[in-house]
Amino acid sequence: MDIQWHDVSGWSAPDPTDAALRTHLLRWSRCELASLETTTGRHCPACGSDRHGRPWARLADGSRPHVSLARCGDVVVTAVDPLRPVGVDVEEIAAVDARWDPDLVLHPGERADSPAERAAMWCRKEAILKALGTGLRTPMGQIRCADWPVVDLVAPPGLAAAAVVLPPTAGQSGSGGSSTV
């Protein structure tokens, strides 16, 4: 899994989140023609919309890596893996703490006592759900972080972030760009 952070504060793109993903893919693929032939988009498995939902990508060489992205203010984090489903999330610690509901987020036996622990737990769960392709349609409380290879990322001050790359057989239904276009 390849992770990149992007400061999109000065970007003029209509959607800097998708522009950040394209930038990551261009660097990651190292293909000079990629800028002309790299396609990205979204697909919502619940309603079929291409205006929101899970991101997908198709590179100039025809490959379709698994991708994920998250945005918090002017900070975007993107993840790419050539073979396995990925998920990434970034959140503002204070914002998560302000809306924290342990009954909504925690699996029995999990704890998150401080604001930073709560934000980290939220990010871990959302990253897992993105990698699985279900997003928040699956209740967070059904996910036990200890069952997944999720890692905390070093994030800018005031933010928490996490990423996960799943084994090749987990979350394959609707994963990455390869099954959506």
Distance from [X] atom [atom1] to [Y] atom [atom2], nearest 0.5 Å?
| X | Y | atom1 | atom2 | answer |
| --- | --- | --- | --- | --- |
| H43 | W56 | NE2 | CH2 | 11.0 Å |
| R42 | H52 | CZ | NE2 | 10.0 Å |
| L25 | T78 | CG | OG1 | 7.5 Å |
| L106 | W122 | CG | CH2 | 11.0 Å |
| E91 | E126 | CD | CD | 5.5 Å |

[X] (side chain) donor-acceptor with [Y] (main chain) under 3.5 angstrom:
| X | Y | answer |
| --- | --- | --- |
| E110 | H107 | yes |
| K125 | V105 | yes |
| S63 | L59 | no |
| R71 | V77 | no |
| R84 | H66 | no |
| R137 | T134 | yes |
| K130 | L69 | yes |
| S49 | C44 | no |
| R58 | T38 | no |
| E117 | D113 | yes |

Report task. Check step by step if salt bridge (Lys or Arg N to Asp or Glu O under 4.0 Å) holds for D89 and R124. Result -> CA-CA 7 Å; D89 190 43; R124 292 175 199 133; over 6 Å; no
Query - Contact summary for A160 and C123, nearest pair of heavy atoms - result: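 Closest pair (atom of A160, atom of C123, distance): O-SG, 3.2 Å.
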Requested in this report: Could you label the plane-to-plane angle of the W11 and H6 rings as parallel, tilted or perpendicular, counting under 30° as parallel and over 60° as perpendicular?
Outcome: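 Rings of W11 and H6: perpendicular, over 60°.
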**Report entry** Atom CZ of R51: over 12 foreign heavy atoms under 6.0 Å
**Finding:**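 For R51, atom CZ is not crowded (no more than 12 foreign heavy atoms under 6.0 Å).
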Query raised in the report: Using 4.0 Å as the upper bound for N to carboxylate O, is an ion pair formed by D97 and R118?
Result: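 Salt bridge: yes.
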Query raised in the report: Of all residues at least two apart in sequence or in a different chain, which pass the side chain to side chain donor-acceptor pair (under 3.5 Å) check with D74?
Result: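 Partners of D74 by the side chain to side chain donor-acceptor pair (under 3.5 Å) criterion come out as none, since no residue qualifies.
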